[in-house]
Each structure stands twice: as C-alpha cells, then as structure tokens.
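Both backbone and side-chain heavy atoms feed into the values below; hydrogens, waters and symmetry mates do not. If you read the sequence from its start, that first residue is 1, and numbering goes on from there.
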Amino acid sequence: MRLTSDELLSRLRALGSASRAELATALGASAPTVYRRLRDAEARGKVVSFGRGPATRHALRGPLFNRADTTLPIHRMDPDGHVHPLAELVGLDQGAILVRPIQHSPLPSLLLGEVGTGLFGDLPFFLQDLRPQGFLGRMNARALPAFPDNPEHWSTDQIGAWLLDHAVDTPGDLLLGDAALDRWRAWQPERATIDDFPVLAQRILSGGAPGSSVGGEQPKFAAQVAGRPVLVKFSPPDDGSAVAQRLRDLLVCEYLALTTLAEHGLAVAESRLLERERRFFLESVRFDRTAQGGRLPALSLLAVDAEFSGIGRGWSLAIQALARQGRVTEDTPTTVTLLQNFSNWIENSDQHLGNLTLQPHPDGRLALAPVYDMLPMLHAPRPGEVPPTPVVKPPPAHGGIEPWRQGGAMALDFWRRAAADDRISSDFRAVAAERAEAVEVALTTPKAPAPSQSGW
C-alpha cells in the first residue's frame, strides 16, 4: 500500500494524537513508511511531535486562538523583575494546545499537566487564572466592545486574544506572547498614597482602566503604595442605607478575620483597614508581587483541582485529593481543614475553590498561599436588601473534633472582636455578640458534632 501524506494527516486528525505504532496499525502501513511521512509532514509544519522514545506522539498543527500563529512564547518574571523564556504554546488541530519547553530546557512537571505530556484539550490550567475575573474582570470586559460584558462567557479564543492584546497586570508570574512582554515593559503601576484612595475608587466605579484582572467580586483597585504592590477593596460611602452599612460591616469583618487568623499563627495577606471620605478601604499587600518589581507564581485551587483531581467543591476535599497525589506539602491539608472549620464557624458561605491560592514550594510541591477573602458572607446583602439574620447552627466537623474545636475557638475570638469594634454598626455588633455566645456554648457542650459528609 502506498501511503500518501493526505491519508496520514486525515487519520491523524481523526485520532487527535497518536504514536507511530498506532498510526501504522490504523493505516495498515509499515512503521518505516509512517515514520517517513511523519518526518516530511513535520518538516512542512503540518505535524508536531512530543514526548520521547516509544512514548513519542504526533498531532496536527492548528492555529492558536483563531489566529495565524501556531506557536507563542510564555515568559516568566522572577522576583527581581527579570524576564526569562519558560515554554511555548503550540496550536493543534481542533483547539488542542501543546506546552513544550523552549530549547529543550526542562519544565516544572506541574506545567505538563495530569498526563505529563504537556498536551491540553483547551487553554492550559495554569493560564486560566490570567483571564479577567470578578469585579475588575468585568471592568476590563466593558472597555472592550467586541467582547461579552461578562468574562465568564468568553470563549477560549477570546481569552487568548485578551491575553495577547490587552493583559499586563495579571495574577502570578507568567506573560503570554511577546506583545504582553512589551506592554509590561511600558506599563507603570498606579502610584498612590492612602489619601488618593477615594479618587481611585471613584475612577474605577466610573469605568476607568483598572490595570489589573485579579478576581473577586468586591469593588477594588490595584496600586503601589509606599513602594509595595497592593490590592485595595473599598466599601460604599456611609449614606445611611442598610445595604451600604452592611457592606461596610463586612469589610471591617474581613480585616478582623485576617487579623484573628494571623494572631493564631496562620499566614494571611498583610492588610490594614483605613477610612477616608466616608468609605472603608482594606489594603492588602499582594503575595504574587515583590517590592523589587518582580512577580511570584500563584495558582488558584480551582485551576489546579480542575486539572489534577476534578473534585470541584470543598476546600478540604480538593486539597486531600491533591495530597493523595503528592502534589501539596504535608502541612497544607491540615491548614486547609482548619481554615474550612474556621470559615464555617464565621458563616463564610463563599467557599469556592477560587478563594484559595497555591504557590510552588522549593521541593516542587504546592503550598497554601496567604489567606484572603475570609468574612461572614452569609450576611452579605442580596440585590437591594439585607437578608434576615439566620438562626445560629454549629457547623459539621471537618477532619475530626480537634480541628472543629480549634476553628471554633478562633471563630469565638473573631466574633468577640466584631462585637466590640465600634467601626461596625450596632445592629451587626449585636449579631456578632449572639454568634460569639452561640459558639462558646457549642464548644463547651459534651456532644460532638456530626462529621461532614460534603464539601462544606
């Protein structure tokens, strides 16, 4: 049988990717014949090969993000602000993407994905967090008439186009494409003092360029204050409305929750709470940035779980699955279990996987990044109104009675702080005092709670 190049490419398109032996079997041709056709197709830029030895596989090239480019560089910025080539993306047929090292430099195994070949059916997981998200993400999207207003509805091609043409101050230490690198070199962070915060808040609310795509629903802006990169959340002004007051209360509570965790020995985002022109501002130092103008890697638990475990819910469940694979440090599951218990005790109903971040440890595994977004979201306003205060219920135990009690003891500390803080409204101080009393009673009762059967 005479094997033509068109027959080879057609079969490879149907298979997605294949080894030489698989192609020989599927085509009824000899391995040497398939090898010659593959070598010719690769020389013509039609096929890309990856892997080594008998594990080598082949796939058809294709455009990246619906563009003419079939290869794009990924750059990494180090803590000192120096940029290094890390890898390249190779577009494959049917939207698949290959990640491979540049000039045969080794890549961290994590970036090669679950299968370990660097082959992804869509945008690689470690680039997912770079897409616009939350409040700032929507502000970015609204500035781009050709894109949907909500970045959650963007296609992979649209995400790629944004990363290539607009992204600059994205989470973590990666930049996709040479144009993004050029933008970063020309970009200057918003240098500000705390007295500038009200003006920056008003600019963001008026649709000004946010300069950052960091996630989270709370209104915020990015800036550099006293030489340190920060994210600044802000409340509505004190206008006497119940909704504005509750949002102010919750921003104070977030600061108190982080303070409580820090005093109990957990790593949290370094924060301070300020008041200017009737707004509260919660300034947090970015843990993916350095004072030298450099960056540090950061991956959401959401992205890592989606690639390696697929649990999809529950901080403890997702981390335990990664721990069984040896992907996180030994202390990470214990810390996350404690955090989940504390979070439940303070009625934080917003425990999605995007609210925990992981960072590479020197041994190659992932460790929990400083904690952020920790507040009693069960009490957050619904559209236009403050919800009724629910009855207090002791949460289920995660990881046994000891972390449940430890998390409860920290929550008792938090609720007592909130009940005594005059920056919080009298109504919510009363709620906090009621919670503190209920937590104290639950912790002293001899009856142990039922173990959790879910992600919460």
Side-chain angles (χ1 to χ4, degrees), residues 64-69 72 74-75 77 89 122-123 126-192 196-225 229-237 247 277 279 281-284 286 288-289 293 295 298 300 302-303 354-355 372-373 383:
L64 274 169
F65 312 125
N66 201 29
R67 298 187 172 204
D69 300 298
L72 289 168
I74 303 174
H75 304 284
M77 190 182 305
L89 296 188
D122 203 337
L123 190 71
F126 55 84
L127 296 178
Q128 294 284 354
D129 291 329
L130 275 60
R131 64 188 295 172
Q133 301 174 59
F135 172 82
L136 287 178
R138 289 193 296 276
M139 301 303 288
N140 274 287
R142 289 168 187 165
L144 302 170
F147 288 69
D149 285 349
N150 188 343
E152 292 181 8
H153 301 154
W154 287 7
S155 67
T156 297
D157 288 344
Q158 288 168 328
I159 296 170
W162 186 84
L163 292 175
L164 292 171
D165 298 336
H166 302 283
V168 59
D169 189 24
T170 50
D173 62 343
L174 302 181
L175 294 166
L176 177 61
D178 291 331
L181 181 56
D182 292 339
R183 281 194 303 277
W184 169 76
R185 286 172 171 155
W187 176 77
Q188 291 293 327
E190 181 78 55
R191 291 181 171 86
D196 297 321
F197 285 3
V199 172
L200 295 177
Q202 193 58 49
R203 183 193 303 173
I204 288 296
L205 294 174
S206 300
S212 175
S213 62
V214 177
E217 294 300 327
Q218 178 76 24
K220 63 174 69 66
F221 55 83
Q224 187 177 86
V225 178
V230 298
L231 289 172
V232 183
K233 296 181 179 181
F234 56 92
S235 74
L247 291 170
E277 297 185 14
R279 291 186 193 270
F281 294 90
L282 180 61
E283 177 201 82
S284 298
R286 291 185 64 167
D288 64 341
R289 297 292 187 265
R295 299 188 179 187
S300 71
L302 178 67
N355 273 349
Y372 56 96
D373 278 355

Contacts of [X] that satisfy side chain to side chain contact (heavy atoms under 4.5 Å, CB included) - sequence neighbours left out:
| X | value |
| --- | --- |
| Leu282 | Lys233, Leu251, Glu254, Tyr255, Ser271, Leu273, Ser284 |
| Gln224 | Pro189, Arg191 |
| Asp178 | Pro73, His75 |
| Asp157 | Phe65, Asn66, Ser155 |

Not counting sequence neighbours, which residues clear side-chain hydrogen bond (donor to acceptor under 3.5 Å, both in side chains) with [X]? List them please.
| X | value |
| --- | --- |
| Asp165 | Arg67 |
| Ser300 | Asp129 |
| Arg289 | Asp169 |
| His166 | none |

### Query
Taking NZ, NE, NH1 and NH2 as the nitrogens, is one of them in Arg138 or Glu152 under 4.0 Å from a carboxylate oxygen of the other?
no
### Query
For the residue pair Phe147 and Trp154, is the inter-centroid distance of their aromatic rings smaller than 6.0 Å?
yes
### Task
Name all residues meeting the ring pair (Phe, Tyr, Trp, His ring centres under 6.0 Å) criterion together with Phe197; count only those two or more places apart in sequence or in a different chain, and write none if there are none.
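Only Phe221, Phe281 meet the ring pair (Phe, Tyr, Trp, His ring centres under 6.0 Å) criterion with Phe197.
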### Query
In Å and rounded to the nearest 0.5 Å, what is the CG to CG distance from Leu64 to Leu164?
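Rounded to the nearest 0.5 Å, the CG-CG separation comes to 8.5 Å.
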### Message
Set out, in order, the CA-CA distance, both residues' side-chain angles and the distance that settles side chain to side chain contact (heavy atoms under 4.5 Å, CB included) for Leu200 and Phe234, then state yes or no.
### Response
CA-CA 10 Å; Leu200 295 177; Phe234 56 92; over 6 Å; no
### Task
Can you sort out the partners of Asp196 under salt bridge (Lys or Arg N to Asp or Glu O under 4.0 Å), two or more places apart, ordered by chain and number?
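Not a single residue meets the salt bridge (Lys or Arg N to Asp or Glu O under 4.0 Å) criterion with Asp196.
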